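One-based numbering along the sequence shown. If you're wondering where the values come from, they're calculated on a predicted model, not measured in any experiment.
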Amino acid sequence: MPSSAPPEQEPLVLDPTGADPHAEHRALHARGPATRVDVLGVPAWSVSDPALLRALLTSPDVSKDGRAHWPAFAETVQSWPLALWVAVRNMFTSYGADHRRLRRIIAPAFSARRVAAVRPVVERITAGLLDDLAALPPDAPVDLREKLAYPLPVAVIGHLMGVPEERYAHFRAVVDGVFDTTLGREEAAANTGALYVVLDQLIATRRAEPGDDLTSLLLATPDEEGAEPALSHEELRDTLLLVISAGYETTVNVIDQAVHALLTVDGQLDVVRSGQVGWGDVVEETLRHESAVKHLPLRYAVHDIPLPDGRTIARGEAILASYAAANRHPGWHDDADVFDAGRLSKEHLAFGHGVHFCVGAPLARLEVEVCLRLLFARFPGLALDLPAEGLPPFPSLISNGHRNLPVWLHGGALDEEPG
């Protein structure tokens, strides 16, 4: 028999500026496996218990299709600043057979063969960015988030999608707005409009001049009967948006957080340099310790879902996957708040779980691993320019990084070329 339900609590209002994410994680844990929250005015159930979250992420009773399974959808998208996260038409917001169809179309673009073929491109781009860093004057700190963590995934995703290099800067500017949860409704809507203009231009360019890129591949993919394009224009545009959103800001944050941890947690860089752990271990522990995404909007209950404590997520209610809090849950990992690249179990949910597991996860892992390996080889004396109050977080309840990452490239050690 389920236990009697605990008394209802006022919803926890999630901070749109993400000013103290770890305090928010602890507050979620204290309220149980799932709790009611306010997401910029929208009520939802935040799930921060990893066992419950994994169960819900694999349950047919949980959907990502707000049009079909969220009664508040039509009203909410008219004014909610995060409307883009629930209103796009791609596999991120699809359910059942529709999701299987859309994932089947895009999965070949992220096959093991294609990802392996991108490695030389990632290494070339990273080496060029490190050359640019080495040419900077040595008498001032450098914002590594701005000079390395941002431009690397922008260039990689731009290459993957066939974006002309001269459009990278504008491409980045409009994508940044997708993750800025401090924007008002009108600002967010204007940014969405600008983003779609960029995507429409890209589609038109690749339709006229096909290449060996994701956009051209999707344009050329026929439906199962082989008669029509597999994706409508809206689905194609929103699928490209998904690739950008999943592969850009998230990778920026993992690079940012990994460098920050290696330069602030005593002994961690030493165990990597000694060979006791590999760069892949650093990537996985970073994903666990500081997930690139804190909360990911939204999922919906297809039917009533009973919770372990006797409460019920009612049919049609929204569900928020609180990945960062789940990965730091004290019941999952010993010393969960401690960054330890040598940790035996680095299990995490940073890429999701179940049928919506991130299809681009191998590419993200590759980018971060290459970036860290080449960065610390090129600048062995790298040191963080850490202010007394610490580094301010990026203002978002979704994106989990810092506003900036100031470092001294040489930091007391001679700059050496990698051997």
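The pair R373-E369 meets the salt-bridge criterion, since a charged nitrogen lies less than 4.0 angstrom from a carboxylate oxygen. With salt bridges taken as basic N to acidic carboxylate O contacts below 4.0 Å, one links R378 and D131. With respect to R237 and E234, no salt bridge is recorded, no charged nitrogen being found less than 4.0 Å from a carboxylate O. Residues K346 and D281 are paired through a salt bridge, judged by an N-O separation under 4.0 Å between the basic side chain and the carboxylate. Salt bridge present: E290 and R328 bring a charged side-chain N and a carboxylate O closer than 4.0 Å.
The minimum heavy-atom distance between L130 and F379, with the atom names listed, is O-CZ, 3.8 Å. When every heavy atom of A301 is checked against every heavy atom of A314, the shortest pair comes out as CB-O, 3.4 Å. Between A318 and P43 the shortest heavy-atom distance is CB-O, 3.8 Å.
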Carefully, step by step, assess D335 and D340 under the rule side-chain contact (heavy atoms from CB on, under 4.5 Å). CA-CA 9 Å; D335 297 322; D340 179 9; over 6 Å; no
Would L102 and F92 satisfy side-chain contact (heavy atoms from CB on, under 4.5 Å), going step by step from the backbone distance to the final call? CA-CA 9 Å; L102 293 169; F92 181 78; over 6 Å; no
Candidate pair L397 and D15, rule side-chain contact (heavy atoms from CB on, under 4.5 Å), full reasoning: CA-CA 6 Å; L397 65 81; D15 181 4; over 6 Å; no
Give the intermediate values and the outcome of side-chain contact (heavy atoms from CB on, under 4.5 Å) for residues T221 and L231. CA-CA 8 Å; T221 301; L231 298 174; over 6 Å; no
Give the intermediate values and the outcome of salt bridge (charged side-chain N to carboxylate O under 4.0 Å, His left out) for residues R207 and D200. CA-CA 10 Å; R207 181 174 279 122; D200 285 340; over 6 Å; no
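Under the 30°/60° scheme for interplanar angles, the aromatic rings of H99 and H356 are found to be tilted. By the 30° and 60° cut-offs, the orientation of the rings of Y248 relative to Y150 is tilted. Aromatic ring orientation, H29 versus H25: tilted (interplanar angle from 30° to 60°). In this pair, H402 and H260 present their aromatic rings tilted. The plane angle is within the 30 to 60° band.
Taking 4.5 Å as the limit, some side-chain heavy atom of P297 sits within range of a side-chain heavy atom of I398. V272 places a side-chain heavy atom less than 4.5 Å from the side chain of V282. Residues E367 and P153 meet the side-chain proximity criterion, which asks for heavy atoms closer than 4.5 Å. Side chains of I157 and T251 form no contact here, defined as non-hydrogen atoms less than 4.5 Å apart. Between I203 and L240, some side-chain heavy-atom pair lies under the 4.5 Å cut-off. Residues L152 and I125 form a side-chain contact, since some pair of their non-hydrogen atoms from C-beta on lies under 4.5 Å apart. Side chains of W85 and L298 form no contact here, defined as non-hydrogen atoms less than 4.5 Å apart. The shortest side-chain heavy-atom distance between Y300 and V86 falls under the 4.5 Å cut-off.
A distance-only check finds no donor-acceptor pair linking the side chain of N90 to the backbone of E235 [under 3.5 Å]. Within the 3.5 Å criterion, the main-chain N or O of S396 finds a donor-acceptor partner in the side chain of K294. A donor-acceptor contact shorter than 3.5 Å links the side chain of T215 to the backbone of M161. Although no hydrogens or angles enter the test, the distance criterion places no donor-acceptor pair under 3.5 Å between the side chain of S216 and the main chain of P210. Side-chain atoms of N327 do not come within 3.5 Å of backbone N or O of H289 as any donor-acceptor pair. In this structure a side-chain-to-backbone donor-acceptor pair under 3.5 Å is present from D304 to R315. Looking at D238, its side chain never comes within 3.5 Å of a backbone N or O of V88 through a donor-acceptor pair. Not a single donor-acceptor pair under 3.5 Å links the side chain of R113 to the backbone N or O of P108. A side-chain donor-acceptor contact under 3.5 Å links R103 to the backbone of V355. Side-chain atoms of N404 do not come within 3.5 Å of backbone N or O of P406 as any donor-acceptor pair.
Annotation: salt bridge (charged side-chain N to carboxylate O under 4.0 Å, His left out) contacts involving residues 51-70, sequence neighbours excluded, are absent.
The CG atom of N400 sits 5.0 Å away from the CD atom of Q257 when rounded to the nearest 0.5 Å. Separation of atoms CG (L287) and CZ (F351) is listed at 4.5 Å; rounding is to 0.5 Å.
A side chain to side chain contact (heavy atoms under 4.5 Å, CB included) with L144 is found for one member of V407, I255, D256, L263 and no other, namely V407.
When the salt bridge (Lys or Arg N to Asp or Glu O under 4.0 Å) test is applied to E187, no partner is found at least two apart in sequence or on another chain.
Counting heavy-atom neighbours within 6.0 Å of E166 CD, excluding the residue itself, gives a total above 12. Other residues, nucleotides and ligands contribute more than 12 heavy atoms inside 6.0 Å of the CZ atom of R273.
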